[in-house]
There are 2 protein chains.
Amino acid sequence: MNKKTGKTIGILGGMGPEATLALYKLIIDNTPAKKDQDHIHVIINSNPAIPDRTLHIVYGQESPLPLLKEGALLLEKAGAQMILIPCNTAHYFVPEISKAIKIPILNMLDITCKYIALQAKKLPEYNGASKIPVGILATTGTIKTALYQNYLEKQNLEYIIPTEQEQESIVMEAIYGKRGVKAGYHKEPAQLLKQAAILLIDRGAKFIIAGCTEVPLVLTHKMVSVPLVNSMEVVAKEAIRVAKGNK
Amino acid sequence: MNKKTGKTIGILGGMGPEATLALYKLIIDNTPAKKDQDHIHVIINSNPAIPDRTLHIVYGQESPLPLLKEGALLLEKAGAQMILIPCNTAHYFVPEISKAIKIPILNMLDITCKYIALQAKKLPEYNGASKIPVGILATTGTIKTALYQNYLEKQNLEYIIPTEQEQESIVMEAIYGKRGVKAGYHKEPAQLLKQAAILLIDRGAKFIIAGCTEVPLVLTHKMVSVPLVNSMEVVAKEAIRVAKGNK
């Protein structure tokens with residue numbers, strides 16, 4: 001803790017590096033600053049060697065857990081006072097990672113669903129009785145582990161997910177495909193994700209969660225007719241609030 | 001050292017955070033990658049509390065050296081195998097920081113001037129006898145300590161710097177002014193820096209060094225009629241080469 005910069009934020013990243021970069025940018029852009037010294041101390045451990053989360057969850061390949069724990073410990077030892085993980089799917093492992101460290105992990109999914117619950121109450125169709133449906137664009141790993149589904153239900157919200165076929169041929173193609181975000185492409189995956197969002201909106205979604213950190217790298221607010229909730233943006237603002245000690 | 005990702009790059013940053021972000025982006029964008037695991041392990045220590053380098057060098061205010069040493073040690077302990085410093089002025093302290101650690105610091109200024117020397121030989125006016133003049137856009141701290149001037153002379157290049165008055169009212173205003181880069185502005189400082197570059201080119205500069213990490217955040221290649229050398233881009237490419245073990 002530094003009296004000037006507040007609490008130190010740790011970022012357990014590299015999943016992928018572009019998402020880590022985007023989170024770091026969101027923290028910088030959302031911190032009111034007139035000079036360097038107004039910014040927050042951020043320590044980033046961007047280890048792209050962490051095995052793919054979805055490949056482990058869905059296909060039983062190598063577990064990312066050992067490197068996730070190691071990376072979190074590194075941040076704690078380096079002086080981080082809280083940890084953000086710019087990978088939605090990796091949140092499946094949060095309970096296990098938490099056991100390895102003493103500092104808190106700001107749970108991006110939990111915080112995002114709480115934020116949506118607040119926003120949902122402002123909708124004209126909100127009446128307290130019927131649940132507001134929320135569309136989820138995420139990796140198959142995140143969908144299969146029902147991470148967002150559970151947090152949305154906890155907030156008394158309904159969820160809408162793509163069909164299995166849409167999930168693989170549209171969403172996963174946009175993220176992991178040969179011309180996907182993780183391969184460094186932007187244009188083609190943006191069109192695919194827009195299509196996936198439209199399908200969910202047609203089925204009633206009043207919000208779309210950009211629930212994989214690669215999604216908001218290419219899908220923008222303008223491309224979606226309902227509010228697009230960038231989980232990284234929500235957690236970045238929460239982390240700044242905590243770091244600066246604001247209530 | 002990870003067989004997949006190569007050597008780990010440490011970034012001693014926060015001076016300012018935007019420059020650190022830009023260097024991290026340059027590393028990601030210049031690493032050939034088709035999936036997360038093709039990227040390099042990067043550890044970033046972005047500590048914006050490090051006292052201003054120019055304020056210390058020129059006006060004798062608090063020294064940044066203790067926090068620079070502490071930050072470099074943190075990176076070494078965390079497993080970094082080399083250190084990059086995305087702040088030109090901070091390079092004044094490199095000899096002292098190096099004494100505190102065992103891992104190498106890739107000297108951005110030295111590497112940049114070597115790169116320019118190679119490029120200068122490709123100019124039609126190069127004849128091996130007369131020295132090619134290089135314009136420097138940097139903070140007053142970097143100019144007064146003659147960091148770039150010395151590295152350019154070592155490479156048998158000539159240097160051109162702004163007059164004292166231009167340095168303060170144009171270059172420093174663009175970086176540190178109320179509507180400068182460090183205050184989060186882009187448009188006004190871009191115009192000021194373009195003006196400063198034109199003055200140097202009029203006096204014969206065949207290259208312009210973007211010798212403060214805030215400069216290339218707003219001044220682009222298109223705005224300058226001679227090659228604009230972004231020291232961060234040069235060092236990012238060199239770090240990738242070293243990390244991947246390429247010759």
Side-chain angles (χ1 to χ4, degrees), chain A residues 2-6 8-9 11 13-29 31-53 55 64 67 70-71 73-75 77-80 87 176 178-180 182-185 214, chain B residues 2-6 8-9 11 13-29 31-53 55 64 67 70-71 73-75 77-80 87 176 178-180 182-185 214:
Chain A
N2 179 298
K3 64 183 192 302
K4 288 179 198 160
T5 48
T8 300
I9 296 175
I11 300 181
M15 306 170 277
E18 272 209 69
T20 305
L21 180 79
L23 176 62
Y24 182 34
K25 186 174 189 329
L26 282 165
I27 293 172
I28 295 170
D29 290 350
T31 304
K34 286 287 161 209
K35 58 182 190 302
D36 293 357
Q37 291 74 14
D38 296 333
H39 282 278
I40 297 165
H41 189 172
V42 179
I43 303 174
I44 301 174
N45 182 9
S46 175
N47 185 0
I50 296 173
D52 192 89
R53 289 61 63 195
L55 287 181
L67 281 187
E70 190 185 301
L73 263 170
L74 183 154
L75 288 169
K77 277 187 198 161
C87 172
Y176 284 89
K178 269 191 185 169
R179 297 178 74 83
K182 284 190 187 283
Y185 291 87
E214 320 298 302
Chain B
N2 181 298
K3 66 182 189 305
K4 288 178 197 159
T5 48
T8 300
I9 297 174
I11 300 181
M15 307 170 276
E18 271 208 71
T20 304
L21 180 79
L23 176 61
Y24 182 33
K25 186 174 189 325
L26 282 165
I27 293 171
I28 295 170
D29 289 350
T31 304
K34 286 289 162 205
K35 58 182 190 303
D36 293 356
Q37 291 74 16
D38 296 332
H39 282 277
I40 297 165
H41 189 172
V42 179
I43 303 174
I44 301 174
N45 182 10
S46 175
N47 186 1
I50 296 173
D52 192 90
R53 288 63 60 196
L55 287 182
L67 281 187
E70 189 184 303
L73 263 171
L74 183 155
L75 288 169
K77 276 187 196 160
C87 172
Y176 284 89
K178 268 191 187 170
R179 297 178 74 82
K182 285 191 186 284
Y185 291 87
E214 321 297 303

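Quick note on labels: first sequence line is chain A, next is B, and so on, each numbered from 1.
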Segment of [X] engaging chain B (4.5 angstrom heavy-atom cut-off):
X	result
A/A78	both
A/T31	neither
A/I28	side chain
A/Y176	neither

>> Looking at every non-hydrogen atom in both residues, tell me the closest pair between A/S46 and B/H41 and how far apart they are.
In response: O-CD2, 3.1 Å
>> If I compare all heavy atoms of A/D52 with all of B/Q37, which pair ends up nearest, and what's the gap?
In response: N-NE2, 3.5 Å
>> Shorter than 4.5 Å, heavy atoms on both sides: which option in B/T20, B/I9, B/D29 has the most such pairs with chain A?
In response: B/T20
> Are the side chains of A/D36 and B/P17 in touch, meaning some heavy atoms are under 4.5 Å apart?
Replying inline: yes
> Does the side chain of A/L74 come within less than 4.5 Å of B/I43's, by heavy atoms?
Replying inline: yes
>> To the closest 0.5 Å, what do you measure between NZ (A/K25) and CD (B/E18)?
In response: 7.0 Å
> Which value, rounded to the nearest 0.5 Å, describes the distance between A/Y24 atom OH and B/I44 atom CD1?
Replying inline: 6.0 Å
>> So for B/K35, is it side chain, backbone, both, or neither that comes closer than 4.5 Å to the heavy atoms of chain A?
In response: backbone
>> I need the residue from A/I27, A/V42, A/L75 with the largest number of non-hydrogen atom pairs under 4.5 Å to chain B.
In response: A/V42
